Amino acid sequence: MEEETKTSQIPKNFDSQTQEARIYKIWEDSGVFSPEGSEAEIIKQGIEPGKPFVMTLPPPNANGDLHVGHTCGYSFQDAMGRYYRMHGRPTLLLPGKDHASIQTEAVYIRHLEEKGIDKWELGREKFYKMCYDFCIERANDARSQEKKIGLSADWNRELFTLDERLNTVIYDTFFKMYDDGLIYRGKYIINQCPHCRTALADIDTVHEKSRGILAEIIYPFVDEADQKVAERDFAANPINIKDDHGKVIDTKILSLKGITVATTRPETMLGDTAIAVHPDDPKYKNLIGKKVRIPIVDREIPIIADQEVDMQFGTAAVKVTPAHSPVDFEIGKRHDLPVINVIDELGRITAPAPDKYIGMDTVECSKALVKDLEELSLLVDIKNYKHEIVQCERCDTPIQHIVSYQWFVDVEPLAKKALAVLKNGGTKIIPDGQQSALIHFFENIEPWCISRQLWWGQDIPVWYSGGKELHDWLLEEVEKSGLGKGVSELSEKERSDLIAKFEDEMGKKVTGTGNIFVQKDKPENDPDWDGGPSELLFEKESDILDTWFSSGQWPFSTLGGPGGDDYSKYYPTDVLETARDILFWWVARMMMLGIYRTGKTPFHTVYLHGMILAEDGKKMSKSRGNGVSPMEVIRTYGADALRLWYYSDTLPGANSPLRTEKIKGNRNFVNKIWNAFRFVIMNVQDSELEQLREKLEEISTEMNAMSDGIDAEKGEEYQKEHMYSMITKTNIQQIDGYVEEYRFNLAAEEIREFFWHTICDKWIEEVKNKIQDLKPGDSTRIRVLASLIHPMMQYLKAMHPFIPFITEAVWQELVKLGLADGDLIIQVSN
RNA sequence: GGGCGAUUAGCUCAGCUGGCUAGAGCAUCUCGUUUACACCGAGAGGGUCGUAGGUUCAAAUCCUACAUCGCCCACCA
């Protein structure tokens, strides 16, 4: 009768939906999510606490729900956290949320647009406030989802990347880098997204194949006498026309009127400042140094020689537009060419282009020019042409290369140090292949543009005396003059002369010196200004920082930065676990900024989990509608089932299609664990609990003392009693080894295999047979049961980091029976 | 153009530093209601480990080339 009662008390199936929330509450209440809490518990169990185990968790973007990639990361982070916590290390998993500047701004703008609200009408201040509230709300949602996967993070330390506490650290880095000359303001060719209306770092762009045109245009010689040279040299060197396979099928002789160039973007001719040819090209050799006239614009430009020009491509002569092509910008620098910018921030043609074209967008202008050139008989050819274009990563708008003043970080010296760390093993990337990729990235790194013309993000802590326009104007003048000094180093005379020139050119009165103040708060005075404080204008930098500038400091900013309490205890951190696709964006920056700011690499290991694909093997995306919400999976199969799938299937370096049937299989495994213990609990009589407890303790003591295996001399009975425990112990050691080597798939497989097919299929069946005829209270029965329960309980501990909910749920049942004590989450074994 | 990776059972994938008849989950087939679990158990079928060479006593595992596929980076007009 009693047996029946007990069985009916425990449901046949583990109901993850109701149980998980209850279990999570137990953990939160236990206080062990904080390193202080876990340390106290470790000490309480009489164990000397080990070195803290610390992970700063990748902050998800606070603009949407968690996706399967986020919960994948959390599963690995949590497994490591729980594992080391249960191995006596005070553990800190530090959570947060990322403001994700450009991405969130794009998301929020769309959100506003749906409500018919325009960003520009709203105004900066209001937009910021509303976006902030939006993020905080989303962050709350995200947090509750993080709890659902079982994340044992220290919520009291959670931070948002725009938190004031972080700003302080981040600005300190900015100031230090500025002082070290690593941050500078400069006029360079940048990627401009006309839709987002901001500059973008190279890494924030994507390259896509696109259909376009290739137009051949004649730039007539200024000196008609040059046609004679052309007549001789062009005829002697006809252009080969090739088919798709590179076979020469025809030849043609170039127009003698001038130089024929091929371009995919005719509109940029408005900003051309040279024609470049290869120095050894026999066609053009004798024309180097001569001049041609840009059609329509009527500007004379020189023919220059540059090694970059490919003699085999097109007409082997290129137009050079330093303002609108990165390659041309470099050529321009080498030959000291003027930079004429004819495209504005919105992607429209602007002065000094001819009036007719001003205001057109680039495609419109290109069409108009082609037509006009044709009328002038200067268009030789136009055909469809497939080529790669650069797009904004966020909105897919083709980016415009334009020249403008931006803030840059000279990352090269930082990359060198990071490279050294990678090469000497200070930080190891898993998988290996990605380590090579990162090395390659560091070896080829370019200056990082960190200013964005956006509203959502961190202010750049800079003030301009007399206004930004004046400063940038002075910068340009100083550079042109070749004085070789900065704006701040101008003599009084030089400065007043230049300012007078500026006032004259711009037709406005200057109230400031053009100096720059790198600080957070508005400066009170400018020592070089003598016009009286009331008239002094300080303009705040309106640009904001690239989001990766702050998230790149995450491992130490969250710990309070150098000098902070947490920093001294918990930095450098141990492992950084994240997705492979932000290796260059985030991991690279954390290494560079971390080493720069602290002198230490921020983590010894970077574990990159695989990318999760939809069941159809493609990337999950909203447009395809093949996305799967992790919350839905958790609701259906439970968090443990999903976690276990991650461990066994999302290997580093792999792309893993989500397999529902496997998750279902894992759910079955979770249920199997539940029922295995259900069997045990059902069999044990209340009257036997006392004896059983004693026996279990006895085995525990024996097992702790035992190191290399069972002592055969102790007899057969003894062996029987400890056999299961011994085998289990060995198996657990194997699993520990896997975890410490980050081979989670092997650990997960082993756990499944061992518990299901050894403990359940073999041992439980054996025990069933052994106790079949024994009466409750029989000492053999107690011994047999204990010999099974002991290893099963040990195995619960080993399984806990992977599948925390079911193991804790079972453990709590054992606590009820007095067979276990405390919470499984902090059962420390050393 | 450069970098990284993949190719193993019907499907999705394991297989670390080379070594017992190559594994798992799911799927398929046969049998089984034995008081933990049918979200179960017992068992079965199924692979010349992309191709061609090479190193070795021994290769899915190391090397070379090729083929196919994928991802990332990139300034060819």
Side-chain angles (χ1 to χ4, degrees), chain A residues 3-4 7 10-14 189 202-203 205-207 214-217 261-265 268 275-276 308-310 312-321 325-331 385 387-388 390 401 431-441 443-446 580-581 583-584 610-611 613 615 617-619 637-638 641 644-645 648-683 737-738 741-743 745-746 748-750 752-753 756-757 760-761 764-765 767-769 772:
Chain A
E3 269 180 25
E4 264 183 53
T7 312
I10 303 173
K12 269 186 170 183
N13 291 331
F14 177 68
I189 189 154
D202 293 338
I203 204 165
T205 62
V206 291
H207 296 242
L214 186 68
E216 287 189 9
I217 302 166
V261 296
T263 179
T264 53
R265 301 193 56 197
T268 60
I275 295 288
E308 284 282 300
V309 180
D310 181 353
Q312 305 306 314
F313 187 89
T315 61
V318 278
K319 56 194 276 312
V320 182
T321 324
S325 155
V327 192
D328 295 3
F329 187 77
E330 290 304 316
I331 296 178
Y385 187 70
H387 65 126
E388 297 235 321
V390 185
H401 291 291
D432 277 353
Q434 295 299 307
Q435 170 127 349
S436 315
L438 189 56
I439 286 173
H440 191 257
F441 176 81
E443 282 171 345
N444 296 287
I445 201 157
E446 294 284 324
R580 179 176 90 223
D581 55 0
L583 179 64
F584 302 147
M611 194 169 73
L613 305 173
E615 301 230 18
K618 297 199 173 105
K619 254 187 178 173
Y637 299 111
L644 199 54
W645 177 74
S648 48
D649 271 39
T650 59
L651 274 78
N655 292 336
S656 315
L658 192 79
R659 308 300 297 188
T660 314
E661 80 257 21
K662 283 202 176 185
I663 297 171
K664 190 175 166 188
N666 290 340
R667 189 273 317 264
N668 295 352
F669 174 60
V670 166
N671 200 52
K672 187 81 183 174
I673 297 171
W674 180 252
N675 275 292
F677 280 91
R678 184 165 171 267
F679 165 79
V680 167
I681 290 167
M682 191 190 92
N683 262 283
Y738 287 147
E741 286 165 26
Y742 308 95
R743 301 177 65 83
N745 63 317
L746 298 182
E749 266 166 42
E750 192 52 43
R752 216 183 125 101
E753 176 68 24
W756 201 323
H757 302 298
C760 293
D761 293 346
I764 291 183
E765 294 307 316
V767 166
K768 255 187 209 170
N769 289 335
Q772 207 172 13

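We name chains A, B, ... by the order of the sequence lines, and we start the count at 1 in each one. All values derive from a computational prediction rather than experimental measurement.
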N/O (side chain, A:K619) to phosphate O (OP1/OP2, B:C71) under 4.0 Å: no
Using Watson-Crick and G-U wobble pairs with both distances under 3.5 Å, what is the 5'-to-3' dot-bracket string of RNA chain B, with [ ] for crossing pairs and | for pairs outside the strand? (((((((..((((.....[...)))).(((((.......))))).....(((((..]....))))))))))))....
Could you tell me how far [M] sits from [N] if I compare only their [atom1] atoms? Round to whole Å.
N	M	atom1	answer
B:U7	B:U51	C1'	11 Å
B:C73	B:C16	P	30 Å
B:G18	B:C57	C1'	12 Å
B:C31	B:U12	P	30 Å
B:G5	B:C13	C1'	15 Å
B:C62	B:G15	P	12 Å
B:G2	B:C66	P	13 Å

Could you tell me which residues satisfy salt bridge (charged side-chain N to carboxylate O under 4.0 Å, His left out) with A:K672, sequence neighbours excluded, listed by chain and number? none
Those residues at least two apart in sequence (or on a different chain) that pass salt bridge (charged side-chain N to carboxylate O under 4.0 Å, His left out) with A:E753 are none
In 5'-to-3' order, the base (B), backbone-only (S) or no-contact (-) status of each nucleotide in nucleotides 15-29 of chain B, using a 4.0 angstrom heavy-atom cut-off, is SS--------BS---
Sequence neighbours left out, what passes ring pair (Phe, Tyr, Trp, His ring centres under 6.0 Å) with A:W645? Give chain and number order. none
Identify, between A:F14 and A:G653, the residue whose nearest nucleotide on RNA chain B lies closer to the 5' end. A:G653
Just the table, please: protein N/O against nucleotides 75-77 of chain B N/O, every pair under 3.5 Å.
residue: B:C75; atom: OP2; partner: A:H207; partner atom: NE2; Å: 3.4
residue: B:A77; atom: O2'; partner: A:A262; partner atom: O; Å: 2.4
residue: B:A77; atom: N6; partner: A:D310; partner atom: O; Å: 2.6
residue: B:A77; atom: N6; partner: A:F313; partner atom: O; Å: 3.0
residue: B:A77; atom: N1; partner: A:D310; partner atom: N; Å: 3.2

